[in-house]
2 protein chains.
Amino acid sequence: MESNDTNTLIQSSKGDGTIQRTMLREVIRQRIVERILDGTYMPGTRLVESAIAREFGTSQGPVREALRDLAGMRFIESEPHRGSRVREVSLAELVQVYPVRAALEEVAGREAASRMSEETIGSLSSELEEMHRAAESGDAHTQLVHDVRFHQIIVEASGNQILIEMWNSLRVEARTLISAIKSGSDLKLIAEMHRPILHGLQIGDGEVAGREMRQHIEFFGDLVARVSKTV
Amino acid sequence: MESNDTNTLIQSSKGDGTIQRTMLREVIRQRIVERILDGTYMPGTRLVESAIAREFGTSQGPVREALRDLAGMRFIESEPHRGSRVREVSLAELVQVYPVRAALEEVAGREAASRMSEETIGSLSSELEEMHRAAESGDAHTQLVHDVRFHQIIVEASGNQILIEMWNSLRVEARTLISAIKSGSDLKLIAEMHRPILHGLQIGDGEVAGREMRQHIEFFGDLVARVSKTV
DNA sequence: TTCGATTCCATTATCGATAATCTATACGTT
DNA sequence: AACGTATAGATTATCGATAATGGAATCGAA
């Protein structure tokens with residue numbers, strides 16, 4: 001319940017010239033997200049405003065705002081007068097994500113293909129490489145990180161701001177459940193499955209890239225759907 | 001600046017058995033949205049927390065929360081220590097919306113086709129009818145309302161909660177710019193363009209319905225894209 | 001014991017005031 | 001006059017306290 005190292009939330013930022021726009025709400029939000037992602041706050045955990053405020057040494061206000069933001073990002077859910085708790089990510093919901101993600105990424109691939117720079121191609125190649133490296137050491141989690149990053153790069157390369165915001169709001173990186181399934185799969189194969197996408201982008205063919213991305217996501221969607229039925 | 005009729009924000013709700021879960025933040029949010037949509041708050045208008053609070057007879061807190069929600073919904077944009085203003089909906093942004101919307105609605109059509117009830121078909125038919133009625137009286141705005149509703153019904157019929165949330169966050173109804181363009185078009189033709197979609201859904205063919213929806217949206221996307229170049 | 005009403009407690013929702021920060025204006029120096 | 005700096009006013013960010021609410025525990029009657 002107590003904390004000592006967490007109390008320095010605000011760096012007065014005098015010293016370096018950079019203006020350190022510190023907003024309490026932001027800091028608190030990040031802190032909570034970390035805890036959700038690393039499992040400190042498991043799904044279902046109640047997040048009590050006053051308790052968090054006390055722990056962080058702030059007042060209730062900023063905590064409340066942080067929680068509201070988190071609710072907007074679907075990390076938590078809140079009911080009036082009843083507080084907030086970490087959201088349960090159901091398998092059923094995960095299944096619903098895939099068709100949406102497939103559709104969005106198809107658009108991303110199509111639009112990104114004509115906007116690829118050498119640098120972007122380089123980043124993608126290097127993420128792919130990292131995926132393989134992780135596959136060899138059997139590190140499913142690390143592979144997932146690079147996997148997500150690979151897709152994110154493409155979405156951002158689309159240059160479509162709406163698309164980017166929309167994709168980010170899917171919180172792909174937070175729905176880590178897949179890693180569980182992946183660990184049962186062939187990591188090397190998974191890494192290799194990204195190559196056709198990269199190829200499509202390299203030759204600048206939007207139709208190919210889009211189609212490959214869609215199929216890629218749909219593949220995992222089917223995988224998850226199958227698992228969810230088994231359960 | 002002053003207001004008299006707007007001060008009764010909370011109905012104590014004693015009397016009728018119904019529990020009137022009134023949350024100040026919610027009421028204020030709705031109020032502001034109304035004003036944005038009806039043009040009282042034009043794009044660029046500054047929304048000053050204390051001023052709104054004074055006008056509504058509340059404290060700054062709930063107003064602040066309402067504004068934060070609105071920022072999440074992309075109705076307004078806020079900068080730290082600099083306040084909020086009504087967002088400018090640029091034409092460029094509007095152009096970017098269409099590919100995303102097309103992709104999402106294709107999924108919606110595909111998934112909805114197998115879940116159509118008599119009732120849903122009825123609702124869609126009636127919206128289509130209303131579109132025609134509006135077309136005949138040359139009422140572009142009313143037609144737009146039913147147009148949006150038509151699409152919304154399909155998205156909701158998909159049963160995919162993620163998809164529904166995602167589509168709603170596009171705020172299709174708020175990006176009313178299209179109505180301007182539409183008024184220059186043949187309203188009857190626009191209404192009629194919804195019929196193939198309805199047909200696809202009626203025969204329960206997801207592929208057809210999905211494809212029709214995509215093409216439908218892409219059509220208007222191209223229209224807007226063309227206009228945006230002209231400007 | 002079991003059901004319902006009542007009281008108490010934890011927590012959220014709101015308030016009013018203060019601190020921090022921004023923008024623009026006024027001022028002084030060159 | 002042009003420029004940079006200081007000051008004032010407006011506005012947001014945060015605080016600490018109070019009111020409103022919901023849920024659980026308690027009590028009493030059947």
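Letters A, B, ... mirror the listed sequences (proteins, then strands); counts begin at 1.
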Among the candidates [options], find the nucleotide nearest to the side-chain atoms of [X].
| X | options | result |
| --- | --- | --- |
| B:T58 | C:dC15, D:dT11, D:dT14 | C:dC15 |
| B:R46 | D:dT12, C:dT14, C:dT12 | D:dT12 |
| B:S59 | C:dG16, D:dT14, C:dA13 | C:dG16 |

Answer with base, sugar-phosphate or nothing: what part of the nucleic acid does [X] contact at a heavy-atom distance below 4.0 Å?
| X | answer |
| --- | --- |
| B:Q60 | base |
| B:L47 | sugar-phosphate |
| B:G61 | nothing |

Open item on the list: Need to verify one output field. Residue with the more 5' nearest nucleotide on DNA chain D, A:P62 or B:G83?
Closed with: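 First, find each residue's nearest nucleotide; the 5'-ward one identifies B:G83.
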What is the distance, to the nearest angstrom, from the [atom1] atom on [X] to the [atom2] atom on [N]?
| X | N | atom1 | atom2 | result |
| --- | --- | --- | --- | --- |
| A:R25 | C:dA20 | CZ | C1' | 14 Å |
| A:E49 | D:dC15 | CD | C1' | 14 Å |
| A:H81 | C:dC9 | NE2 | C1' | 16 Å |

- [ ] Would you please say whether a donor-acceptor pair under 3.5 Å links the side chains of B:T120 and B:S117?
- [x]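 Yes - a donor-acceptor pair under 3.5 Å links their side chains.
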Open item on the list: Listing request: all salt bridge (Lys or Arg N to Asp or Glu O under 4.0 Å) pairs with a residue in residues 81-94 of chain A, at least two apart in sequence or in separate chains.
Closed with: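 Residue pairs passing salt bridge (Lys or Arg N to Asp or Glu O under 4.0 Å), neighbours aside: A:E79-A:R82, A:R87-A:E93, A:E93-A:R175.
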Residue list, side-chain contact (heavy atoms from CB on, under 4.5 Å) with [X], at least two apart or on another chain:
| X | answer |
| --- | --- |
| A:S114 | none |
| B:Q152 | B:R149, B:E156, B:W167, B:N168 |
| B:S125 | B:I121, B:L198 |

Open item on the list: Just to be sure I understand the geometry, which residues of residues 66-73 of chain A put a non-hydrogen atom under 4.0 Å away from DNA chain C?
Closed with: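 Nucleic-acid contacts, sorted: none.
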Open item on the list: Please enumerate all residues that pass side chain to side chain donor-acceptor pair (under 3.5 Å) together with A:Q161, with sequence neighbours excluded.
Closed with: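 Partners of A:Q161 under the side chain to side chain donor-acceptor pair (under 3.5 Å) test: none.
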Open item on the list: With a 4.0 Å cutoff (strictly under), does any side-chain N or O of B:R82 reach OP1 or OP2 of D:dT11?
Closed with: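 No, because none of the side-chain N or O atoms of B:R82 sits under 4.0 Å from OP1 or OP2 of D:dT11.
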